[in-house]
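Read the structure below first, then the notes.
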Amino acid sequence: MSKNTVATIQKQKEQGDKITMLTCYDYSMAKLMDEAGINTLLIGDSLGMTILGYEDTLSVTMEDMIHHSAAVARGAKNALVVCDMPFMSYQVSVEDAVRNAGRLMKEGRANMVKLEGGAAVCPQIEAIVKASIPVCAHLGLTPQSINAFGGFKIQGKSAEAARQIIDDAKRIEQAGASMVVLEGIPAALAALITKTIHIPTIGIGAGADCDGQVLVYQDMLGMFSDISPKFVKIFANTGDFMKKAFRDYIEEVKGGVFPAEEHTFRIDDAVMETLREEYKTEEKES
Ligand code: KIV
């Protein structure tokens with residue numbers, strides 16, 4: 001398998017070959033996903049919730065994103081590395097957006113940046129693309145807007161709201177985005193957008209007809225129970241599996257079963273004898 005790029009991902013859309021994406025936040029997980037053949041890894045600002053324990057994504061900083069992106073990039077041999085721009089790293093000005101996108105590429109070693117929003121962030125998308133940085137847009141239930149939405153609510157259900165999302169999808173494509181995540185919108189609307197625009201759509205809670213799918217890895221591995229959205233499928237309940245391993249470890253340490261002989265390093269008996277002799281008096285005194 002060779003390196004996934006903007007061009008190979010675009011080709012997958014054209015050939016009807018579904019694009020796979022998972023969130024990823026560290027080196028060893030990146031290696032596992034990469035070796036499994038994932039097309040793209042997203043350092044999502046969902047790390048604010050899954051890794052850092054915040055109740056939403058709003059407190060995530062540029063430093064958080066760079067730190068995790070660089071770790072993922074070191075483990076991703078073939079996957080295209082996409083890094084989220086955190087809340088307020090691009091909304092205030094176009095200049096901020098380009099500078100921060102540049103940091104995610106330069107310090108975080110990402111291959112593409114992702115930002116949330118449609119028409120409102122098109123000037124930012126245009127400027128970032130002009131700086132030779134590929135952009136993934138994000139429409140629908142955009143988590144950085146939960147306060148405006150009044151919670152994690154499915155978007156685009158009315159004709160007016162749906163038209164707005166379709167219009168945003170066309171605009172971000174015109175602005176130069178190379179890919180778009182469609183989150184928490186009706187499946188039929190996502191299918192229509194996927195047919196209408198030429199860049200790949202990656203769905204999460206947006207039905208089967210997107211060009212690709214993304215899930216938060218802790219969700220699909222049953223490792224995160226703070227929220228359980230309807231669109232998540234648990235592919236392996238590793239949360240329970242891990243808890244059992246942790247319990248077994250605790251039991252074995254307390255019971256003196258671990259570490260066993262095979263986990264232990266040896267020293268020459270003669271060396272030990274000398275040491276015991278040497279420290280005899282001290283041992284008695286203590
Ligand atoms: O932050 C994230 O993990 C995301 C995905 C849910 C698409 O944006």
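Whatever order the structure lists ligands and atoms in, that order sets their numbers, starting from 1. These numbers come from a predicted model, not from an experiment.
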Examine distances only and state if a side-chain atom of D34 and a backbone atom of K77 form a donor-acceptor pair shorter than 3.5 Å.
yes

Salt bridge check, K280 against E277: does any charged N sit closer than 4.0 Å to a carboxylate O?
yes

Electrostatic pair R99-E95, nearest N-O below 4.0 angstrom:
yes

In a table with atom names and distances, give each donor-acceptor pair under 3.5 Å that connects a side chain of residues 125-140 to protein atoms at least two apart or in another chain.
residue, atom, partner, partner atom, Å
H138, ND1, K114, NZ, 2.6
H138, NE2, E183, OE1, 2.8

Quick one: side chains of residues 50-57, donor-acceptor pairs under 3.5 Å with protein atoms, not counting sequence neighbours, listed by atom name and distance.
residue, atom, partner, partner atom, Å
T50, OG1, S46, O, 3.2
D56, OD1, L58, N, 3.0

Check: every ligand 1 N/O to protein N/O pair under 3.5 Å:
residue, atom, partner, partner atom, Å
ligand 1, 1 (O), D45, N, 3.1
ligand 1, 1 (O), D45, OD1, 3.1
ligand 1, 1 (O), S46, N, 3.0
ligand 1, 1 (O), S46, OG, 3.4
ligand 1, 1 (O), D84, OD2, 3.1
ligand 1, 3 (O), S46, OG, 2.5
ligand 1, 8 (O), K114, NZ, 2.9

Report, one line per pair, each donor and acceptor closer than 3.5 Å where one atom sits in a side chain of residues 150-163; sequence neighbours left out.
residue, atom, partner, partner atom, Å
K153, NZ, G150, O, 3.3
Q155, NE2, K153, O, 2.8
S158, OG, A161, N, 3.1

